[in-house]
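Have a look at the structure below before the remarks.
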Amino acid sequence: MKARFLIPLGIFLVLAILLGYGLSQDPRDVPSVLINEPAPSFTLPDLFDEQKTVSSDTMQGRVWLLNVWGTWCPECWKEHDFLNYLAQQGVPIVGIDWRDERAEAVAYLQKKGNPFLFVGFDPDSSAIMDWGVYGAPETFVIDKQGMIRKKHKGALYRKVWEEEFVPLLRQLEGES
Amino acid sequence: MRRVAVVLCLLFPLLGQAAIEVAQFDNPEQEARYKQLIAELRCLVCQNQNLADSNAELAQDMRHKTYQMVKDGASTDDVVDYMVKRYGDFVLYRPPLRFSTLFLWVGPFVILGGGVLFLLLFIRRRARQPAAGISESDLKRAKALLGEEENNT
């Protein structure tokens, strides 16, 4: 019974390890249930023209990205230049402008450049809820079959792009 | 002058008008369902709040969606399925019993059982030990401290 004094130490160590593990986890990183599920289609008013609508159906048969953003979201400002760069490289990106003011969003794209093929305007979360979006920016990868293959939360930058997106896109382009 | 100031001050509270979300239903049953749903669904932005408590914009949208669905005659399960399909089990404050959530459900009972077992063993061990013997001198000292020293002897 000499080692009895070690019991509290043992309990402390176990607790410290468990709590440390808990701290290293990101509670905001909710696993998406939509990976490898058919992408929900959306039809939204065009950001640039209230009279028109844009629809995800026009992207059928292509590998494309969906980016959910808003002018109110600081991370979206951060990633915008990189999105512009991707668009220059020919990556098809569709935007959903979420919970935004139309005029502000248009001015934002005019000033900073528009990397999107088209932008749907979703001021009251009618489309984004179908996609399980709960923050901005979020970027989805949709394959030729119309399945969601990846979801990235937070700003997109070069490192993530090269490590996670490039190999996936290459693979998806190869699929029929 | 003073009176005017008092009246003006009394008018101040009228400025503090908080916006209240009004949800009107066709029947009390729907209202009860709505209230139960927003109490049990979890906000994804303020993760330790349910939809009813959270002021996050997403929670407002989710409440609104819940409201619309309930008003259109959706059952509780319909709404829950809708949310789980999009946001996963995470939106449920009452998680389903699955292999991955087994520890969550069974864990507390395992710990309780362990505690009871420990307690039983502890009590039995103590019962087997001889009654704590106090030496004669200790007893004397204790009595002295308590001011009960026996005068005889």
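Keep in mind the model is a prediction, meaning the values are calculated, not measured. By convention in this document, chain letters (A, B, ...) are assigned in the order of the sequence lines, proteins followed by strands, and residues within each chain are numbered from 1.
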**Message:** Would you compute the distance between atom CG of A/D124 and atom NE2 of B/H64 and round it to the nearest 0.5 angstrom?
**Reply:** 7.0 Å
**Message:** If you count heavy atoms of other groups shown closer than 6.0 angstrom to OH of A/Y157, is the number above 12?
**Reply:** no
**Message:** I'd like to know if the side chain of A/R99 and the backbone of B/E57 have a donor-acceptor N/O pair within less than 3.5 Å.
**Reply:** yes
**Fill in**
Whatever's closer than 4.5 Å to a heavy atom in chain A on B/K65 counts as side chain
**Request:** Give a yes or no on this: more than 12 heavy atoms of other residues, nucleotides or ligands lie within 6.0 Å of atom CD of B/Q24.
**Result:** no
**Message:** Tell me if the NZ atom of A/K150 is crowded by more than 12 foreign heavy atoms within 6.0 Å.
**Reply:** yes
**Item:** Residue B/R141 excluded, over 12 heavy atoms near CZ under 6.0 Å
**Value:** no
**Prompt:** Considering only heavy atoms from C-beta outward, does the side chain of B/R86 approach that of A/V33 to under 4.5 Å?
**Reply:** no
**Prompt:** Going by heavy atoms in the side chains, are A/W98 and B/L58 under 4.5 Å from each other?
**Reply:** yes
**Asked** More than 12 heavy atoms of other residues, nucleotides or ligands under 6.0 Å from CD of B/Q30: is that the case?
**Response** yes
**Request:** Might you confirm whether atom CD of B/E136 has over 12 heavy atoms from other residues, nucleotides or ligands at distances under 6.0 Å?
**Result:** no
**Request:** Quick one: pull up OH in B/Y87 and CH2 in A/W131 and give me the separation to the nearest 0.5 Å.
**Result:** 12.5 Å
**Atom group of B/V91 that falls short of 4.5 Å from chain A, counting heavy atoms** = neither
**Prompt:** Could you walk me through whether B/Y82 and A/D130 pass the side chain to side chain contact (heavy atoms under 4.5 Å, CB included) check?
**Reply:** CA-CA 9 Å; B/Y82 177 91; A/D130 280 338; 3.4 Å; yes
